[in-house]
Amino acid sequence: MARPEALAARLAGLPANEIIRQALHELFPGRIALVSSFGAESAVLLHLVSTIDPATPVLFLDTQKHFPETLSYRNQLVERLALTDVRSIRPDPALLATRDPIGQLHALSPDRCCALRKVAPLERALAPFDATFSGRKRFQGGLRSELPVAEPDGARLKINPLANWMPADLEAHLLAHDLPRHPLVERGFLSIGCAPCTDRVSAGEDSRAGRWRGLAKTECGIHLPASALNGDSRRTRVPLIKDGAYVEDAWLRIEGEAPLPDDGDVIVDWSRLKEEASLGHARSGRLGVVFPNTEDANALSPHLGRIALVALELPSFTDGRAFSQASVLRHQLGFSGELRATGNPKADQAAFLVRCGFDAFEVRGTQPLEVWSRMLASVSRVYQRGYSDGAGEVKA
């Protein structure tokens with residue numbers, strides 16, 4: 001496979017249709033797919049590809065959170081452009097049932113929602129391919145402002161034929177070829193993703209200002225540049241209450257199969273902990289796990305010697321399974337590490353949470369610290385925090 005730098009140099013300065021032609025017929029014949037959101041500007045790249053090879057695989061991430069208008073627009077473009085291999089990629093139903101049972105994960109942790117509904121499904125769908133096309137442009141700003149024409153994407157390469165296009169170029173192409181517009185554009189949506197995380201854009205804002213409005217998040221994870229993967233871009237930190245105060249969370253939540261850093265405290269998925277017997281042994285730092293509320297807490301027993309934190313999910317106010325799991329871990333299994341309430345804990349659950357053994361609480365809602373402090377102050381029994389050092393010894 002060509003080196004990204006050499007490929008970028010080869011393709012730089014070529015018109016978009018020539019970049020696409022070389023990628024399809026010379027560089028990656030039969031081994032490249034177009035990943036499309038069928039969003040505000042998607043028609044341009046889809047049209048360019050269709051004029052060269054309408055049988056090019058097109059991967060659409062059907063997150064099950066799209067606007068109805070997006071799904072209709074997808075069908076309209078597929079018919080208009082005579083695309084013959086459009087594949088709708090959906091998240092794993094079993095993972096949805098355990099990690100987002102009420103469909104509100106986007107409100108609690110957008111990063112985890114994107115990892116579940118976009119990053120993981122796309123990674124599976126891309127297994128047969130060596131490269132992908134994306135429709136990103138430099139003018140969209142943020143991490144895209146220095147976008148090369150070709151870049152590394154894990155074990156694959158990503159080709160960005162429209163990297164140097166400007167809004168006027170897109171508009172001219174749409175007009176010249178009488179391409180249909182996404183129906184939400186005229187209503188002020190200039191970059192269109194999942195409905196819960198997409199807002200209108202005001203005059204003077206960049207085109208992606210409506211994506212994850214109010215958050216530092218600017219990318220879902222499938223288009224992160226290689227340079228960002230060395231940092232925490234695919235990991236999540238959350239607001240945390242511990243010892244009656246907001247604290248900086250020392251733990252990093254590692255999504256899916258993303259590589260673990262060499263050091264530092266990390267929290268992984270239960271499925272990964274089960275499947276990787278040596279996970280955490282060859283690194284410094286403690287290991288934690290997010291344990292689904294659909295599982296029997298006794299299943300953690302063989303792993304307690306190597307974990308120092310268990311995060312139990314509270315997806316709704318009325319779901320009490322996490323309380324039972326915490327009691328089993330504390331009273332029956334003797335777990336002395338950190339028990340964290342994740343998902344959607346409420347301040348008025350604080351007393352019962354502590355009595356069941358929880359000592360840290362992720363806070364994603366609007367309840368202020370004063371409410372939590374008042375509730376926690378009324379609790380008469382607390383657990384001493386400690387952790388296992390990986391050899392079964394509990395330390396204070």
Side-chain angles (χ1 to χ4, degrees), residues 1-37 39-59 61 83 85 118-119 122-123 125-174 176-177 191 206-208 218-234 258-259:
M1 185 182 300
R3 292 175 59 245
E5 298 83 359
L7 187 56
R10 167 177 170 172
L11 300 177
L14 295 178
N17 58 349
E18 178 60 16
I19 294 172
I20 294 168
R21 187 198 67 77
Q22 288 194 27
L24 286 173
H25 297 323
E26 299 175 16
L27 298 168
F28 311 102
R31 297 177 287 112
I32 187 169
L34 166 57
V35 179
S36 179
S37 65
E41 300 163 349
S42 297
V44 172
L45 183 57
L46 287 164
H47 174 257
L48 287 167
V49 170
S50 73
T51 61
I52 298 170
D53 186 357
T56 300
V58 177
L59 307 184
L61 285 165
L83 301 169
D85 190 6
K118 291 185 176 182
V119 179
L122 181 61
E123 188 62 27
L126 287 177
F129 302 103
D130 291 338
T132 59
F133 289 119
S134 95
R136 294 171 300 153
K137 303 95 183 166
R138 295 181 190 125
F139 77 79
Q140 293 170 324
L143 294 174
R144 305 182 179 196
S145 59
E146 301 296 327
L147 189 68
V149 176
E151 62 182 326
D153 183 28
R156 301 179 188 86
L157 289 173
K158 188 173 291 182
I159 309 299
N160 307 305
L162 308 182
N164 64 351
W165 281 43
M166 298 300 291
D169 300 317
L170 299 169
E171 181 65 19
H173 193 92
L174 289 167
H177 300 280
S191 179
D206 69 63
S207 62
R208 288 178 60 81
T218 61
E219 296 282 352
C220 65
I222 63 174
H223 289 314
L224 287 171
S227 59
L229 300 183
N230 296 323
D232 297 339
S233 300
R234 292 196 181 188

Q: For a side-chain contact (heavy atoms from CB on, under 4.5 Å) check, start with the C-alpha distance between L162 and L48, then their side-chain angles and the critical distance, and finish with the verdict.
A: CA-CA 10 Å; L162 308 182; L48 287 167; 3.9 Å; yes

Q: Would you mind reporting whether E151 and L147 have side-chain heavy atoms less than 4.5 Å apart?
A: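 Yes - at least one pair of side-chain heavy atoms lies under 4.5 Å apart.
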
Q: Under 3.5 Å, side chain of N160 to main-chain N/O of K137, donor-acceptor pair present?
A: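 Judged by distance alone, no pair lies under 3.5 Å.
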
Q: Closest approach of L61 and K118, non-hydrogen atoms and distance?
A: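 Shortest heavy-atom separation between L61 and K118 comes out as CD2-O, 3.8 Å.
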
Q: Parallel, tilted or perpendicular: which fits the ring planes of H177 and H47, with parallel below 30° and perpendicular above 60°?
A: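 Rings of H177 and H47: tilted, as their planes differ by 30° to 60°.
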
Q: Heavy atoms, side chains only, cut-off 4.5 Å: are F139 and L170 in contact?
A: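 Result yes, sub-4.5 Å side-chain heavy-atom pair found.
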
Q: Would you say the side chain of I20 lies within less than 4.5 Å of the side chain of L45, judging by non-hydrogen atoms?
A: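 L45 vs I20: side chains touch.
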
Q: Ignoring hydrogens, what is the shortest heavy-atom contact between A55 and D85? Give both atom names and the distance.
A: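 Minimum heavy-atom contact is O-CB, 3.7 Å.
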
Q: Looking at I52 and N17, what are the two nearest heavy atoms and their distance?
A: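 Scanning both residues, the minimum pair turns out to be CD1-O, 3.3 Å.
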
Q: For S134 versus R136, what's the shortest heavy-atom pair and its separation?
A: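 Reported closest heavy-atom pair: OG-NE, 3.0 Å.
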
Q: Could you tell me if the side chain of L174 sits less than 4.5 Å from the side chain of V44, heavy atoms only?
A: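 V44 vs L174: side chains touch.
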
Q: Measuring only between side-chain heavy atoms, which start at C-beta, is E41 closer than 4.5 Å to W165?
A: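 Answer no - side chains too far apart.
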
Q: Do side-chain atoms of K158 reach the backbone of R156 as a donor and acceptor pair under 3.5 angstrom?
A: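 No; judged by distance alone, with no hydrogens or angles, the pair does not exist.
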
Q: Going from CD1 on I19 to CZ on F133, what distance comes out if it is rounded to the nearest 0.5 angstrom?
A: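 Reported value, rounded in 0.5 Å steps: 9.0 Å.
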
Q: Provide the closest heavy-atom pair for A12 versus V149 in the form atom of the first, atom of the second, distance.
A: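 Answer, listing the atom of A12 first, then V149: CA-CG2, 4.4 Å.
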
Q: Check whether any side-chain heavy atom of L46 sits under 4.5 Å from a side-chain heavy atom of S36, and report yes or no.
A: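 Yes, at least one pair of side-chain atoms sits under 4.5 Å.
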
Q: Please report the closest heavy-atom contact between S42 and S37, naming both atoms and the distance.
A: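 What the structure gives for the nearest pair is OG-OG, 3.6 Å.
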
Q: Can you name the one residue among L34, I32, L27, T132 that meets side chain to side chain contact (heavy atoms under 4.5 Å, CB included) with I159?
A: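 Exactly one candidate clears the test, I32.
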
